Each structure stands twice: as structure tokens, then as C-alpha cells.
Amino acid sequence: MTGRARLVLAALMSHWRRRPLQLAMLLAGIMLATALWSGVQAVNAEARASYAEAADRLGTGTLDRLEPAPGAVLTTADFVALRRAGWIVSPLVEGRLRAGEGRVALLGIEPATRVALGPAEGGAVAEGDLLAFITPPGLGFADAEVIRELEGADLGGLTVAPREGLPPDTLVVDVGIAQRLLNLGERLTALVVAPEQPPGLAPLEQVAPHLLRKAPQDRADPEALTGSFHLNLTAFALLSFIVGLFITQSAVGLAFEQRRQVVRTLRALGVPLAEVLGVMAAELAILALVAGLAGILLGWAVAAALMPGVAATLSGLYGAEVSGALALRPVWVLSGLGMALAGAGLAGARGLLRTARMPLLAAGQARPWAVAAARGLRRQVLGAGALALALPLCLAWGGLVGGFAALACGLLAAALLLPVVLDAGLRWLAGRVRGVLAQWFVADTRQQSGGLSLALMALMLALAANIGVGTMVGSFRSTFLGWLDQRLVAELYVNARTEPEARAIRDWLAPQVDAILPIWSAEVPLRGQPGRVFGVVDHPTYRDHWPILRARPGAWNEVARGTGVLVNEQLFRRAGLSLGDSLDLPGGALPVVGVYSDYGNPSPQAIIGQDLFDARFPEAPRLNQAVRVDPDRAAALAEALRDRFDLPGSAVTDQAQVKAVSLRIFERTFSVTAALNVLTLGVAGIALLTGLLTLASMRLPQLAPVWAAGLTRRRLARLELARTLALAAATALYAVPVGLGLAWMLLAVINVEAFGWRLPMQISPELIARLGVAALATALAAGALPALRLARITPSQLLRVFADER
Amino acid sequence: MSSGKAEVVSARGIVKAFPSAAGPVAVLNGVDLALRGGESLAVTGESGSGKSTLLHLIGGLDVTDGGALAVLGTDLRTADDRARAALRRERIGMIFQQFNLIPSLTVAANLAFQARLAGRHDPARVAALAGALGLSQLMGRYPEQLSGGQQQRVAIGRALAGQPPLVLADEPTGNLDEATGDAVAALMLDLVRQQDTTLVLVTHSLRLAALCDRQVHLHAGRLA
Amino acid sequence: MNARRWLVLLVLGTLPAWGQEGGFAGLGSDVQGFALPDPARDLVFPRDHGAHEDFRIEWWYLTASLRGADGRDYGAQWTLFRSALSPEKTGTGWSVPQVWMAHAAVTTPESHHVAERFARGGIGQAGVTSEPFAAWIDDWSMRAPEGGDGLDRLTIDARGGDFAYALQAEAEGPLVLHGQGGYSVKGPGGQASHYYSQPFYRVSGRLSLPEGAVEVTGHAWLDREWSSQPLDRSQSGWDWFAFHLDNGRKLMAARVRGAEPFLFGSLIDPDGRVRVLDGDDIALRPGQGTPPMSWTVELPGEGLALAVEAVNPASRMTTSVPYWEGPVRVTGSVTGRGYLEMTGYPLD
């Protein structure tokens, strides 16, 4: 940088010394925008980790397992034999422990061999005293909740130490201790298999012919479901980015506008235009870097604060793999800085362009940007129109990218239209109000709304994003939980390993339960895609609870008679079916009589009557069944089942437990969303405050005559505040349909594109009311300072207006 | 330093028009002007007669539509923005009706600003100028804390601090009351003469114009 | 703290982390309840080839200096460590408080391949028997073949993700007891271990490497050592040399680094006669680098002055406790080959 450039930079930057508050606003704007972006990134990563944890909990680890074949047992000796043959495996014992009223899952791991398997399998690592961990009576680890549940339970002297971040409801002990606690003798539940094995090993069938290798996907897979949620959080990140851009734009634009005269002077004194532009760009980059770094730290702190406990323990629990989510990694820092620079650059581009085009000799005073912005209304209508036209094109283009593009188009169009709508509303109002003060108020508000339009757009976007994402999360939660309620009606789900075992289980259960419902299925191509057909018996469990979206009258009767088929929503939508269309199935086509929602898997599925199923798929394995029983007896019965038939823990699923775990995941995500709400609104508030402060100085010429005409400064200040609140209220009102439209796009477009199902939208008036109040509170906070300043302005300052206007 | 003999400004047949709703309106329509080193010239004329436009053209703030214009040896028909900026920065002092000080800099920083831009900052000279302009007690203030007359004195000091061979003043007293304006103008002329600097002064005040070596009147786009 | 780091603490069974107060890898930790080396004890074979579970730490450590059919230098390492978490001998199966760790490596002039295994005692996944001799963990083993006598003949196997080897070793000389009849003092405070070697192996076998298999021949050296606190708390690591000299002699020299360096060694004649060396007999001078990749080893009393150079300076053991171990070339007053081990240096 030459000495001259430094001099010019100093002259430009001295502007901030005289206006520290404005500098603070600009820095805060970029900082908050960056923080929002970084925070959402971190939260996203965090959500992924939570899902991974939930996936583990639901029995889906990431590693293959070796389990005993039907009728066989797996013992410590099998483990040793496999290790001696060179296989990298580690033993697991899974079971359930009686703990007072309830039960907790017991997980036995083997620390020495587990390490080679990579992170998280089995979910826990016992850190600390190895001797106590492996020698009786043993040392176990569990979270605080489990420890409370275990109080007073007889664990044979086992010490239980608290450890955050373990799978819920689980007590982790050494494999040998687990064998003792469960009276298993030498038996093990499974061996987990490292993904990387040395070359040249003897094949498994030879070393351990009585063991079956099971890939993780052979077990239940909630991944598609969590994926949906994740995608929607990504949408939130996108929205945050847009809001961030608006605030940066407004702050940077202001700085450019205010220094137009200085730029003219500099050029008149002989600084070439290119140099002025270069120095301004450098100034912007410096500010963006400083604020961006602060924003990254803030975003990181926010994300860390959002997940107390989880953040601290992730690294200990999962090793390097997941802990990075909340570490200050270079990639993360760079992406945050990139966002700050790109945002400031994008915002500054307009200012730089206008500075470049600004004639050196524009007569007299610079045109206040309030007026300039108002002049741009027509252009904004055109822009909004173009975006609105692009929206259906994006939708027609289809796919996830199209969906997201449509989302962006819609939001930007709505934002651009906001000032136009406000202006039209105020014009309409102007013709209707009586009284000179009211007329002045409306006219003045209309003039001011132009200058505040960027800030109001940011506020609108923030509100819309919050309404949209809040509605989406809420809809998702209630739909998913409702679906779980409907779909998991039976108290217990039991998977047998062999058909004889399944028969024995059914015989044993029959006298003690209300009903045993077979869940037998066959893999069948459905409309050209690999799918699955289930048989169901005619039972109120299905008739009363199954999550039917649409059906012909008497659909269940048709299914029971074998004259109709129910299909899941994915198949229905992807194949473009209508009720009454016929669906090809092995053994002949059947008419589709109904559609049900199915959020648990992405593939096509169909349901036919049990008798028809038995006739058409005699070879299908008859292993799985649902059990209806008094809910109070379910847990005990599950335990008895496992004991009686020596079933692995995951073979008997307790409905209540699955629901509790799901709920916990959602609550965590909810708290995250709430915190992001506050942050987004904070950004919008800053934008509003920046706009108001700018206008405050420009508006003196408009206020001075009113003051001179006899209005007190306090009254003027109250009116100013009322004006800000009125504009915020109007903006909030406008944001409601935009937000709901956004939620609709997320639920009905993005989700369908990504997963094939559409989630019913559930509007929460409470959410909207809360956000409306938040919007007003934001406006109040932003408007307070300028109003206070106005109330305390000295008469001489107002008088100067008249003097200057001479 | 100017020799006192060389031609500082040489204009021949300058034409300048501005667009309007009814088509281009010619403001300058064949202006000829020659100015020697050390001369002071007053340009008078009614509002809108094009006096400021002429001054802007000489300062390279705007470009002519036709005619030949050379200032301090630079042919302004061919000079690009960078060259014109360099001419202003290093060899011309400008004084405006609106003062055009940099509001975020102190009086001291404003005074020295252009000299530093030109790389000719001489603290002793700035101090002497400040004394001559009666600004010595105000060096730490910001422009908004000054009266109009004080601000214009700072602007004069800024224009002269780098000892440019040519000073262009555009209605320097236009924003000041009569008494203040006279005092400021006298001060300016004194300093310009001391430095043997060429001055072009645009004003509508005949009283002020009379203080200059030479007066021209702009009417209907031509000098008389 | 990641899982690997955690395991280091776990396997060594010592929570004053290694490299801190407890000397390198916790070898300077307290010995409460464990048996202590006894100068009056006579080593009895083959019994003492097996494990001594009342001692805290023990190893079976074989290093082979090899030459390939392609004329290049190679090295191979096979090591089994036993660590007792408690001196108690109660418990069976999973509750036996013994933990095993093994390292295997192959060094070429350009590459260094490492593998590490862990096992719990008590279940048969790892262990050592003395009659017939067998040491194993998973599918790695070092054992006397059918009809073998003590340690006279051994077959050695190991396999990692990108390498494997199979070696046959045959001893051409007797076992060698270090120090005072196998009682080897390790520091000025009297810390000691039981320490004997079989340095006279001739080996042949095959290395399987990513670039292909190579037939090798050469010399090997087996170290047997057990103790409960072989290092002083202040001792941070050691440098250990074992040379097969071309005149048929063998030389072991070691330096334990602490407040005062402590040196010891054995100069072994081809017939197995030992001259015990101490700090007055040995001069070790490191070259440049940390850890140093070249050394001079001098025994002024013997007129020996040897220059030692690593075959591959990148022979880092990237195991949970990292150290440097690899083959070296010896030149000077007599030429030869050997192995160098350097512990307790900062390695990444």
C-alpha cells in the first residue's frame, strides 16, 4: 500500500472514529451474520452426531456383527478362535437389567480389542481405572439419569460412575462383568467386525461356521428419517445466510452513502477513482475480516452453549470422528471468514459500483439513500416479478436443487415486494386518515419506510424463516410422533431367529397376551423398484390405528378379503398412482384401495391380507411378530421373553422406549431452533437500529418544522417509536404468510423431492404469536435509542436545520 | 514554481453542453482564455452562466465537448482520469463554495491533507499558513465545530499548503455573510500573491472580482 | 482424549501417564505388591522362558537384521509385552488382571510397516508357555517347532494391514545372561530387571510387502526381560544397541537417560563368554537429530570404535506408545549389523 493509499484509507476510516456507534453496528452486523452461519453449521454437525447416537441406540451401529446362527451359541472361545485366526473382532454382550421399577440396557464391551474397531461401536468407552473396570465386582458407566434409576438396585457390588454422552438408558460395563451380571456364563451376544481386516484370512464360514455375519442395514434403519430432518436444518442455514446478507448489505450500503461527499472531495483533491475504489474495498475487507473472526468465535460459542454436556463429551466418546463438530477447525474458520468476506463483498459491490458511477460533480448535496431507495420501488417490483416467474420454473425443473432454488426465489421475491406492499398500504391509508397530525404521521412514515426497507426486509426474512422452520420442525415432530403412535401400536415387537423359534415364541406367548400379529414380508419389485409386501391379519390394531392418508370406503374389508392392496406414500407418489389403479404383484394384480404414511424407510411398500400373503408367498420367512398386551406388563414380558428364549436385546423392541428416545432427540433439536430464533431476530434488530440511526440525522429537516409548529420533542420521540413499531407490526403481519409458504415448501416440496413423502403442515398460532411479539420487542429495542436521542435533542440542533437551509 | 511568463491556462474554443429534456443545452460555446503565471483572474456571470463549469473544466473535474484546453502543460483533451487526478493533486489547489472539508478529520489533518497527498508535506509551512489564516488555536477541532468563515479558511489553507502553481476558487464566499466573505477573500488574495500563484476566481460578486488583476464576464456561453 | 490415547493408559495399567513422572511408558511407576528382581535368584530354563505374572512388566523381544535375495538390507521386529494391572493372582477368564500388547514391524530402506495388537489375559487370546516354548497373540506367534529344545529353534509369524512375515531362527550359541547372572541394574537408584538374551540366531524366511515377497537371511537377537520398576522416576527413556559383528562377537550396549545417564552392556564372544560393561567401559555419542540417526559406540578398553547408521531413518513405531526401532549398519574398527531402539524422544 502506498503512502497515499494509506492517507486515503485513514481519511475514509476516520469516518468511523466520529461515528463509533455506526461502526459497532456494521461490525455487529457482519459478526452476527457470520455467527449465525457458523452456528448453524455447528448445530447441523451436532444434529448429525445426535442422530448417529440415536441410530446406535435403535440398534443400528455402523459395523457388521457376527451373531449366532439359529440354535447356535456364541461364546468367549469363539471370540478367541476368531482372533487366533487373525480376524479383528471385538465381543459384545447386550442385555437388560432390572433397576427398581424399570429396566436399563446393559452393554458389555471389551476395551482392549474394541479400539481397533474405530469409534462409537457399542457406544461407550470406559476411561479411567481399567483394573476396576475388568475385575469383579466391576466398574460401570452411565448417564446421570440411569444412575438415578439404578439407585437401590442389586448390582452385585458394581460401582457405577457418571459419564455424559452415553447412549440413553444404558449401563456400560466390561464384557466379563456383563456376562456375570446377566448370568450368561461364557456366552456373548455378538462380535463386531472391524471394517479393515488383514489380507489372507481364512474365510469366516471355515473359522466359525455357526456364526452369521449381519450388515448394519439388516436391522431397522431410521437414517432416511433423520436425513429428512437434517435437510431441513440445511434449509435453515440457507435462510440464515440470506438474512445475513441483508444485514450486511444494509450496513455497508449506509457506510457508502454517508461518505459520498468525502469521496467527491477526495477525487476533487486529486485521488484517482481507481484508487478510491481500491482503498474502499480494502477497508471493507479489513472490517469483514475482523468482524468475521469475531463472528466465528461467537457462532462457535453459541453452538457450544446450545449443547451443554454433549459438546464436552463428544470427543471423549467418539474420538476424533465426531468431536470435530465443535472444534475450531481451519476449514470451519475459513468457511466462516469466506461467508463474511463474500457477504461484505456482495453488499459492498453495489456501493462500489455506485461510487464508480457517481459523477464527480453531482450538484450540491448527495441524494439521501432513503429517497434513492424509494425511487427503486419500481425496479423491485420488476425483480420480484422475475423471481416469481422463475419459481414455477424451478419447481418444474424438479429435484432437490430445483426445490431449494424455488425456495430462494420465493423468499427473495417476497422480500423485494415488502416495501412495495408497505408503500401501497400507506398510500391507501393516507387517503383515509383525518386530522393534520395523523396525515403527517402517515406521510412521514411512508417517506421513512423507503429508508428502512432493507432493514424491514431483513426483519421480514428473519421472521419468515423462523415461522417456516418452526412450523416445519413442529409439523415434523407431531407427525412423526403421531405416526410412531399409529405405526407402533403393539406393545412389543419380537424378531425370532428361526421359524421353529418363532413358533415356540408364539405358542409360549399365546396364553398370556391379547393378540399376536404376524409381521411377515417378502421382497418384491413394486413398479420396477425393489420393495416389500407385508401380510396383515384383520385386527383392530390395524383398522383403528394404521396411519391411512387416503382410502376407499371399506378398504380394510377389501384387504382382509384379499381383493385390495394398501400402498405406502412413497410408492403412491413416485408411481403416480390413484386409488383404484391396479398394482402388479406376484400371482396377479390387485386394485390400490388406500395409501398410508411411512416415514421409516424410503422404499416402496404394500400391504395385503394375511391369507392372500400366505397363499402367494409360502416361502417368506415367518419370523417377526407384534404382540398386544397390557402396556403395564410389556416390559416384564419382554424380559421374560429374552430370558426364556435367550434372545439378544435387540430382538425384542419395547414400543415405549423407542418413543421416549425419539422424543428426546426432538426436544434437543427444538431448543436449538429456539436459540437460533433469538439470534436471527437479533440480526434483524441490528439492521433496524442501523437504519433508524441513519435516518435520524437525515430526518431532522423533516422533524424541525413539526417541532417548530408546536409539537414537543418528547411527543415527536413517542411518534417516532410508534412509527417504528407500526412498521414492524406490518412487516410481521406480512411475514406470516411468507413463513407459512416457506414451511409449505419445506414440507410439501423439499421433503417429497428428497424422500418421497409429504408431511402435513400443522400451523401453530402460538408460535406465530410468540414471534410477532418478538418482532415488536425487536423493533422496540431498535427504536428506543433513536427515539431517546430525539427526545433529548437540543433546540439549537433543530434550529440549525433552518439556518442550514438558507 | 511558475516562471511568471509561461502560459498556465490556455483555452481555445471550448464547448460544453449538458443534456436536458429538450435536448443538449450548450453552456459554454467557444470560450477562449489565456492566463499567465502569477495572474489573478475573476470570472463573473449570472447564475447558470457556466462559470463553475468553466472552472471544473480547467480543474479536470469534467471534460470538454470540443475545443482545446491545456493547463500547466497538460493537454486535458487527451489526459485520462488518472492523469487529471495527478494534475489536481500535485499542481492545483481547489476551494469550493461548500468548503468540502473531510468532516472526520481535524483542522490540522485537513490543512495538511492535499500536501500529503501530493507528497509535499511541510509542517513548518502548514504552521505558518495556519498562523496567517488565524487557525492556530483551532487545529484540534473538527470542521463541524467551526463557523463557515473558519471552515473556508481551512479550505484555503488546504489548497495552498502544497504550494501549487494554480488555485481555482469556486464562489469561495458564496456561503458566507458579507463581512466574513470579504475578510476571507482578502486573506486568500494576499496569500496567493505572496506565493506568486495563479488564481482563477469564480464569483458573482463584482466587488470581489475587482480585487483581481483581470476580470472576465461570461455571458451566453462566451467570455467578454 | 481419543480412544488410542486412552488405550495407552489402559494397556500399561498406569494412570500417571507415560512420559510424565513415571518414567517412559510408566516403567518408573510404583511397584506396590509386585515381585521385585532378586540378585540371588538363579534363572532356570526352560521355566524362565515363560511368563512371570507376579512381575508388573515383561517382554519377549526379537529383532532380526536381514539381507534380501535382492541384496538390500531389511529389518524385522516381533515383540510381545505383558503388563499386570495387579499382583493378585485371583480371577479367571475376563477378570484376570493381565493385559498383552504386541508390536510387529518390517523395515526396508524406503519404508517401515507397523502393526499393533492388544489382548486381555485369561481367555487364551494371548499368552506364553515355556514347555514347549510358545508366545502368541491373535494369529501372531513365536514358537519352538515340534521337537524343539528351549529357545534353540523358533518360527516367528506376524501380519499387519500391509505386510506379513514368516521367519525360521536357529541358535548357533548359548543363552547369555546380562549383568550379574541375569540381574541387570538399570539406574543409580538400583532399579533392575531380570535380563537374558539369545543373540546367536541365524534366520531365514520371507517378508511379504506391498511391492511383493522377498526371501531374506540374516541374524536375530531375542531379549527376555521382566521387572516391576525397571526405571527410576526421573529416567525418561533409553537408547539400546544390539550388534552382530562380522568377527562373530555380539555387543549389547544401552544408555538410560535421566538426571545422570546410566550405561550398561555386554560384550559377547562367539562361544558365549560375556564381559559385563558399565559406564566406565562404554562411550556413546549421538549424532545430529532428535532422535539421532547416527551414533558412535566406543569401548576404549577393547579398542572398539564403531560408527552406527540407521538403514531407514523413518523407522518410527507409530504405535500407541511411539518410539523408534530399526535396523542399523555398523562400520569402523569392525563391521557388522544390528538394531537400535530409542524411546522417550518427542516423536510427532
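Note that the structure is predicted; figures quoted are calculated from it, not measured. Throughout, a chain's letter reflects where its sequence line sits, starting with A, and its residues are numbered from 1.
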Do the side chains of B:D81 and A:R267 get nearer than 4.5 Å, heavy atoms only?
->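 Of all side-chain heavy-atom pairs linking B:D81 with A:R267, at least one is under 4.5 Å.
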
Within a strict 4.5 Å, meaning less than it, do heavy atoms of the B:F96 and A:R264 side chains meet?
->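 The answer is no, as the side chains (C-beta and beyond) never meet within the 4.5 Å cut-off.
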
Please look at B:R158 and chain A and tell me whether the side chain, the backbone, both or neither of the residue comes under 4.5 angstrom of a heavy atom of that chain.
->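 B:R158 touches chain A through side-chain heavy atoms alone.
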
Examine whether an atom of B:F113 lies under 4.5 Å from a heavy atom of chain A, and if so say whether it belongs to the side chain, the backbone or both; otherwise answer neither.
->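 Its backbone and side chain both get close to chain A.
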
Is there a donor-acceptor pair closer than 3.5 Å between any side-chain N or O of B:R82 and the backbone N or O of A:L273?
->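 Side chain of B:R82 to backbone of A:L273, a donor-acceptor pair under 3.5 Å: no, none is there.
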
Check: B:L117 main-chain N/O paired with A:R4 side-chain donor or acceptor under 3.5 Å |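 Not confirmed, A:R4 side chain does not pair with B:L117 backbone.
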
Between [atom1] of [X] and [atom2] of [Y], what distance do you get to the nearest 0.5 Å?
X: B:L105; Y: A:M13; atom1: CG; atom2: CE; value: 13.5 Å
X: B:I102; Y: A:R259; atom1: CD1; atom2: CZ; value: 11.5 Å
X: A:L269; Y: B:Q114; atom1: CG; atom2: CD; value: 4.5 Å
X: A:T265; Y: B:F99; atom1: OG1; atom2: CZ; value: 12.5 Å
X: B:R89; Y: A:L266; atom1: CZ; atom2: CG; value: 11.5 Å

So which part of A:V271 gets closer than 4.5 Å to some heavy atom of chain B, the side chain, the backbone, both or neither?
->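 Its backbone and side chain both get close to chain B.
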
For A:A11 and B:S104, which heavy atoms make the closest approach, and how far apart are they?
->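 A:A11 and B:S104 have their closest heavy atoms at O-OG, 3.6 Å.
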
Specify which of B:A83, B:P103, B:A85 makes the most heavy-atom pairs with chain A at under 4.5 Å.
->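 Ranked by heavy-atom pairs under 4.5 Å with chain A, first place is B:A85.
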
